[in-house]
Amino acid sequence: MSATKPFKVLIAHTDVPPEGIEILKEKCEILQVINEPPKNRPEILEKIKGAHAVIWGGRDILNAEILDAAGPQLKAVSTMSSGINNVDVPELKKRGIPLGSTPAMLTVAVADLTVGLLVAAARRFQEGRRKIDSDKWDKDHLNWLLGQDIRGSTVGFYGFGGIGQAVAKRLMGFEIERVLYTTRNRVRQDIEEQFNAKKVDFDTLLAESDFLIIASPLTKDTLGLFNATAFNKMKETAVLVNVGRGKIVNQDDLYEALKSSRIFAAGLDVMDPEPLPSKDKLLTLDNVVVTPHVGYATRRTRIDAANLASRNVLQGLAGEPMLSPAY
Ligand SMILES: O=CC(=O)O
């Protein structure tokens, strides 16, 4: 009976899989948001009153307005994401509220999609599809639609955490030659050995990568980092893949670099803005493959993320450190 349960937890998104939040039921009364975003904001503000914890499933902003509406008894928040750039972290910290996130649960699905984008961009999927659509399938020229080889290539990672390493693991099966990475801290030696990986500075990463994968969070240091200056240092045959955040790339500069064939192609799961308008100039290009930020959109990933978010908030409610703290 809900009256006997000590805690109230708000599930602030309609699509959180019930299997993932099952473990909350023993100790918590579950309040579920029913409306879809963005119409759910007033509903969240109403339902969060008196909640002890919240699972923040969507990409809308969790800020002081939400925390004020909840009240001082709020003890734990968890996202179901890797990125937490939609959360006002200083505000949560100021109030002493622990925040959990679920990066480890997303790694496999995002890594799979990253490899998909890399192959699609390298092998010109978008252009090929457009040729078919416009009855321009050319069967007479041997050099038609030649792509970039993955075998024997140097793959560069901007950000070489869980996702980057999972991508590298998958790409070993494609017989890549070596891995370069740029991160603040060097990864463990055994990981470097496993992938024949070497930490390099940003300019070396740009100059030597055949495939350059952005798998890092958006911070003030990464905002707009991949701009014209960066693209001008890359190989003309290089393929850029972004599964981090759209704003890490200066998209106008990327458009110019792709249009002028300064770089070969790009595969993007993240863009700026999101949703990307259907009339965006980027979509006019043949050498860009886009997916609508679906890196972690698999059924199992969603369940696993909801489950970890639930365990995070249960820990927070018990006054224990979260299993996957965001800070
Ligand atoms: O992009 C997805 C996430 O940050 O979880």
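No experiment lies behind these values; they were computed from the predicted model shown. Whatever order the structure lists them in is the order used to number ligands and atoms, beginning at 1.
- The environment of Arg95 atom CZ is dense: over 12 non-hydrogen atoms of other residues, nucleotides or ligands sit within 6.0 angstrom.
- Numbered from 1 in the order shown, with element, the atoms of ligand 1 that lie under 4.0 Å from a heavy atom of Gly83 read 3 (C), 4 (O), 5 (O).
- At a 4.0 Å heavy-atom cut-off, ligand 1 touches Leu106 through the side chain alone.
- Note that CD of Glu36 and NE2 of His13 are 7.0 Å apart. Values are rounded to the nearest 0.5 Å.
- Aromatic ring centres of Phe174 and Phe211 lie farther apart than the 6.0 Å criterion allows.
- Heavy-atom proximity to Tyr296, at under 4.0 Å, picks out these atoms of ligand 1: 5 (O).
- Residues Leu323 and Ile21 do not share a hydrophobic cluster, clusters being chains of Ile/Leu/Val/Met/Phe/Trp/Tyr side chains in contact below 4.5 Å.
- The aromatic rings of Tyr181 and Phe160 lie parallel to each other, their planes meeting at an angle below 30°, with 60° marking the opposite boundary.
- Ligand-side atoms of ligand 1 in range of Ser81: 3 (C), 5 (O), range being under 4.0 angstrom from any heavy atom.
- From the protein, the heavy atom lying nearest to atom 2 (C) of ligand 1 is His293 NE2, 3.5 Å.
- Alongside Leu45, the hydrophobic cluster contains Leu10, Leu31, Val33, Ile44, Ile48, Val54, Trp56, Leu62, Ile66, Leu67, Leu74, Val77, Ile84, Val87, Val89, Leu92, Ile97, Leu99, Tyr327 (criterion: ILVMFWY side chains under 4.5 Å).
- Contacts with ligand 1 closer than 4.0 Å are made by no heavy atom of Met80, backbone or side chain.
- With a heavy-atom cut-off of 4.0 Å, Arg245 touches ligand 1 through its side chain alone.
- Looking at ligand 1, you won't find any N or O of Arg59 less than 3.5 Å from one of its N or O atoms.
- In this structure, Lys27 is not positioned above the aromatic face of Phe7 in the sense of NZ or CZ being under 6.0 Å from the six-membered ring centre and within 45° of the axis.
- Nearest protein heavy-atom neighbour of atom 5 (O) of ligand 1: Ser82 N, 2.6 Å.
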